[in-house]
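Written below as structure tokens is the structure these notes are about.
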Protein chains: 4
Amino acid sequence: MTADADLRLRADARRNRDQIIAAAKQVFAEDGPDAPMEEIARRACVGVGTLYRRFPDREALIRGVARDNFAAVLTEARAAAAEEPTSWKALVRLLSRSHELQLSIHLSLVSPLARRVIREDPATGEFRHAILEVLDGIVHGAQAEGMLRRDVASGDIAVVVSMLLRPMPHDDKNMAEMIRDRMLTILLDGLRPGSALPGRPITSDKLRRP
Amino acid sequence: MTADADLRLRADARRNRDQIIAAAKQVFAEDGPDAPMEEIARRACVGVGTLYRRFPDREALIRGVARDNFAAVLTEARAAAAEEPTSWKALVRLLSRSHELQLSIHLSLVSPLARRVIREDPATGEFRHAILEVLDGIVHGAQAEGMLRRDVASGDIAVVVSMLLRPMPHDDKNMAEMIRDRMLTILLDGLRPGSALPGRPITSDKLRRP
Amino acid sequence: MTADADLRLRADARRNRDQIIAAAKQVFAEDGPDAPMEEIARRACVGVGTLYRRFPDREALIRGVARDNFAAVLTEARAAAAEEPTSWKALVRLLSRSHELQLSIHLSLVSPLARRVIREDPATGEFRHAILEVLDGIVHGAQAEGMLRRDVASGDIAVVVSMLLRPMPHDDKNMAEMIRDRMLTILLDGLRPGSALPGRPITSDKLRRP
Amino acid sequence: MTADADLRLRADARRNRDQIIAAAKQVFAEDGPDAPMEEIARRACVGVGTLYRRFPDREALIRGVARDNFAAVLTEARAAAAEEPTSWKALVRLLSRSHELQLSIHLSLVSPLARRVIREDPATGEFRHAILEVLDGIVHGAQAEGMLRRDVASGDIAVVVSMLLRPMPHDDKNMAEMIRDRMLTILLDGLRPGSALPGRPITSDKLRRP
DNA sequence: CATGAATGAGACTTCATTCAT
DNA sequence: CATGAATGAAGTCTCATTCAT
């Protein structure tokens, strides 16, 4: 899930690195990607110095989080495709619970810096590509099953996912979850074969540079 | 549009205030609500001193922007309700073009500070309340017209609006617009009477504390 | 002696600016051009913020000091040329007491950063050019007087000055002064018409990019 | 060349030490004595830990470099005295090419820290003493030969050396060399018997605390 | 009142030094 | 012993806010 270079880290260094990524995910999610580096270091129980040794600057850290994150999403997408009996069910699963994905979306949504960093990182780009490929398969499958309207493509689905996974405007956990479920249903209803959509299907390569 | 106290401002002071709000909207939209105060002052063509005379601190400025913004949305919602021939059309109009609304949503989305400030400001709260009341009327109207599924309430619609108006994940203006149109159609399809939604309708008072 | 833009500064800002330059000269002379900015601010009796408002970063400060410094040297050179009865005496005066010059030399000697900044600043370059022009006149005059060997040019003299004005390797003030006097005499003796020098005279344009 | 204790080092440890000193010389020459320790370690192809095992802190490293350096200078001075046919020629040779010396001078010139460390290190002091003794012999010899003015002492010569060996204000290698040659000739001319110098000869003990 | 200068707290980053592996 | 990871103090710089002009 992480770059090859990291595999050669000493055990303790490796542990630190993971703690830092985990802490950064948390803090980024809570305070946005401008959160103080010290806060992240504290959360990871390391000194700032260690953080900076592993990630030379904020951009590198964002990059690190994004890669780890996209990698996790890819895993999740593959699992959904492999484990669900139908493509439509895989799609529903992806739409309902991709918590990892949420962070990436939040990140690239909120901060111009983060957006740029993510866009410019080739490794993240590859993950994105792989994810969209899996999604492509699911979309075509669901269309073949007659469950999904034929005038959408995996790019449309990516957008739907991103809409669903953005932070819901409610602080209450349960409420937020119910809201999300309702929106999911509305969207799924809207995704069934029905009236024609405007424009052309958003194919995955249209999102290459989001 | 603004609190009563402001009405007594001298003409030039008034102009300053408006310039500042306008500049702040721009800058907040571009750089988020943590943008340097000097930048906002510069854009408004006033000194920081003037900005601080009008808005004692950043929170006051955010408050000012939020009020102005919610007021504009209210105006827009009332216009839609008054001018469109059917409630359903009013709803579609609200969903398609509420650029003012976009900023509020962006603001309360992105920054914990802004979220708190908006939530805690009673004046903004009143605007929100008024907006949801108008929306209530539209929703009931559209349901009476048989165009809108009966298991949604104005709170659900507010959520739908917020989903649609968040920044779309694409830098190309046209692409972003097409994406939005497609999502709008999908959502409208999903909002037509159809399969049952999970949970209970989100009534407007459920969103009182967003 | 300072750039035009500075003339429009408010009176207090102007005073601050001058204090900062003066403090920076002192501190640079004592601790080199890597000295903490805070130290300089303290010496100038201003906050760091003020220092950074006037000079956006260390390079800008070095540049400011260099300009001020070269301007002073130019004044000194012109005074020597104008006030001394013979060119040779003007030359001797320049060689003996150009305390201002000392700092510039120290600066450009000691720190790669300072060297680069000084070299790349066009304003400083113009001062340097003007100084070398004055020196040219003095050199030619002294040669016409028969006091100065004919196989040197103003560039050579600039080098001699720089050798003399570098910090002498002794902490005792008086000792350092005596040492300098002795070296001055040795050098003046060496500069009188005598045995041929190797190479070609260093003309001022050879030092354009020192 | 180095203190006795070092002689007992195992061969590989010895090699490490030498690599470190060599790297430090390079790096000090390029970036000054404040250069990062890691940089020096990297250049020496050892870990920082090894560097710190050999030299407990930066001062110790500077001390090590200074000793090594002064030792080399002493060797060079002795060689000049022994190999040149006349004392004057030995003097000229010392003045023209003492690259080792250059570093010491650079060091003690540039950084207050280095200056203090060098001054306070007894071992370096002894080397300095020995060097000045050799120089004394050369000076007296040259005076006896009638080539050197009688009102100078070895301290004066040390100063002349230090003037000549400081970095010349020019980036072009060839130019710098030509400049140095010209200055050498001027100084040698000035050192021939001639007009009386001011002050008293700088004897070597006057430089004991430079 | 408007202006923009000054302040200083706080965030970022670097690096000397220590210490676990 | 060698290594390079971890630490945190210290320096750089930014910006919210106050205040003199």
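All chains are named by letter (A, B, ...) in the order of the sequence lines, taking the proteins before the strands, and each is independently numbered beginning at 1.
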* **Under 4.0 angstrom between A/Tyr52 side-chain N/O and E/dT14 OP1 or OP2** => no
* Asked: Does B/Thr50 put a side-chain nitrogen or oxygen below 4.0 Å from OP1 or OP2 of E/dT3?
  -> yes
* How long is the line joining CE of D/Met37 and C1' of E/dC19, in whole Å? -> 16 Å
* Asked: Which base, if any, makes a Watson-Crick or G-U wobble pair with F/dC1, both distances under 3.5 Å?
  -> none
* Closer than 4.0 Å, any side-chain N/O of C/Arg53 to the OP1 or OP2 of E/dA5? -> yes
* Rounded distance in Å - CZ (C/Arg42) to P (E/dA6) -> 18 Å
* To do: Measure the distance from CG on C/Asp31 to C1' on F/dA10 and round it to the nearest whole Å.
  => 15 Å
* F/dC13 - base-pair partner by Watson-Crick or wobble geometry, distances under 3.5 Å -> E/dG10
* Under 4.0 Å: is that the gap between some side-chain N or O of C/Asn16 and OP1 or OP2 of E/dA5? -> no
* Asked: Starting at the 5' end of DNA chain E, which residue's closest nucleotide do you reach first, A/Arg58 or B/Gly47?
  -> B/Gly47
* Structure fact -> Distance col, row A/Asp31:CG vs A/Gln26:CD, nearest 0.5 angstrom, shows 10.5 Å
* **Distance, rounded to the nearest Å, where C/Phe55 contributes CZ and F/dT12 contributes P** => 16 Å
* Asked: Looking across every strand, which nucleic acid part, if any, lies under 4.0 Å from C/Ala60 by heavy atom: base, sugar-phosphate, or nothing?
  -> nothing
* With both distances kept under 3.5 Å, what pairs with F/dT7, Watson-Crick or G-U wobble? -> E/dA16
* Asked: Should B/Arg54 be listed as having a side-chain N or O under 4.0 Å from OP1 or OP2 of E/dA2?
  -> yes
* Remember a base hit wins even if backbone is also touched, and classify D/Ala35 as base, sugar-phosphate or nothing at under 4.0 Å, heavy atoms. => sugar-phosphate
* Indicate, with a heavy-atom threshold strictly under 4.0 Å, whether A/Ala41 touches base, sugar-phosphate, or nothing. => nothing
* Structure fact -> DNA chain F nearest-nucleotide lookup for A/Val46 and C/Val48: closer to the 5′ end is A/Val46
